[in-house]
Amino acid sequence: MADEELGTEFSPIENKAMTALEDVIDPELGIDMVNLGLIYDINVDDDGACVVTMTLTTMGCPLGNLLNDQITQAIVSVDGVTACDINLVWEPAWDMDRMSRFAKVALGIHG
């Protein structure tokens, strides 16, 4: 098995998983998880098991069953993905610089 490095390009199935996560909307901000910059990494192994490494806007923000279920549902809807595990991390800490231009405009943040 090849060494996996952070920053390597996504495989086609990992790109599809990232696209699927654009349908998961943060209920408080009304913007999807990808444009908010909350998704740090996606890894799908040869068996179709997917690990989503992500964070939340604040430590006090509950992931909650709803968001967890929506993320899992979006990921397993991708052809070839059989399971989803969420790896919730706090490092590096999320900040507004991680948001896409789309998210900043939608939230009225200029910068």
Side-chain angles (χ1 to χ4, degrees):
M1 187 171 178
D3 287 334
E4 306 254 331
E5 295 179 32
L6 286 177
T8 56
E9 296 222 3
F10 285 156
S11 68
I13 195 169
E14 290 165 345
N15 279 322
K16 288 179 183 173
M18 184 66 97
T19 299
L21 288 175
E22 291 176 359
D23 291 334
V24 179
I25 307 297
D26 180 292
E28 291 179 348
L29 299 176
I31 307 287
D32 68 88
M33 307 297 287
V34 174
N35 276 295
L36 284 173
L38 297 173
I39 307 300
Y40 287 175
D41 193 30
I42 292 179
N43 185 281
V44 180
D45 69 17
D46 293 338
D47 296 326
C50 180
V51 176
V52 176
T53 301
M54 63 170 290
T55 194
L56 298 170
T57 53
T58 63
M59 273 192 185
C61 175
L63 179 58
N65 290 337
L66 176 65
L67 207 48
N68 190 9
D69 290 348
Q70 287 178 350
I71 291 166
T72 300
Q73 193 172 33
I75 293 294
V76 297
S77 74
V78 175
D79 284 341
V81 176
T82 57
C84 176
D85 186 34
I86 297 172
N87 178 27
L88 191 60
V89 298
W90 301 110
E91 293 290 328
W94 179 87
D95 63 39
M96 288 192 286
D97 289 340
R98 294 188 174 276
M99 291 192 299
S100 71
R101 182 176 180 281
F102 165 81
K104 289 178 182 177
V105 169
L107 293 173
I109 299 168
H110 305 287

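In this text, all values refer to a predicted model and were calculated from it rather than measured experimentally.
The two residues Glu22 and Asp32 come nearest to each other via the heavy atoms O-CB, 3.1 Å. Between Ile39 and Ile42, the shortest heavy-atom contact is CG2-CG1, 4.0 Å. Across all non-hydrogen atoms, the minimal contact from Phe10 to Asn15 is CB-OD1, 3.4 Å. Arg98 approaches Pro92 most closely through the heavy-atom pair NH2-CG, 3.0 Å. Asp47 approaches Thr82 most closely through the heavy-atom pair O-OG1, 3.2 Å. Listed here is the closest heavy atom pair of Ile31 and Ala103: CG2-CB, 3.8 Å.
Linking Ile, Leu, Val, Met, Phe, Trp and Tyr whenever their side-chain heavy atoms come within less than 4.5 Å puts Ile13 and Met18 in one cluster. If you chain together hydrophobic residues whose side chains sit under 4.5 Å apart, Leu56 and Ile25 never meet in one group. The hydrophobic cluster containing Trp90 does not contain Val51, counting ILVMFWY residues as joined when their side-chain heavy atoms lie under 4.5 angstrom apart, directly or transitively.
Atom CG of Asp95 has more than 12 heavy atoms from other residues, nucleotides or ligands within 6.0 Å.
Leu21 has its side chain out of reach of Met54: every pair of non-hydrogen atoms, C-beta onward, lies at least 4.5 Å apart. You'll find the side chain of Glu14 reaches within 4.5 Å of the side chain of Asn43, heavy atoms only. The side-chain heavy atoms of Thr57 and Leu29, taken from C-beta on, include a pair separated by under 4.5 Å. Val81 is not listed as a side-chain neighbour of Lys16, based on a closest heavy-atom distance of 4.5 Å or more.
The main-chain N or O of Val89 is found under 3.5 Å from a side-chain atom of Thr55 such that the two form a donor-acceptor pair. In this structure, Ser77 contributes its side chain and Ala74 its backbone to a donor-acceptor pair below 3.5 Å.
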Side chain to side chain contact (heavy atoms under 4.5 Å, CB included) assessment of Met99 paired with Leu107: CA-CA 10 Å; Met99 291 192 299; Leu107 293 173; 3.9 Å; yes
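In this structure, CG in Asp45 is found 9.0 Å from SG in Cys50, a value given to the nearest 0.5 Å.
For the side chain to side chain contact (heavy atoms under 4.5 Å, CB included) criterion with Thr53, the lone passing option out of Ile86, Leu88, Asn87 is Asn87.
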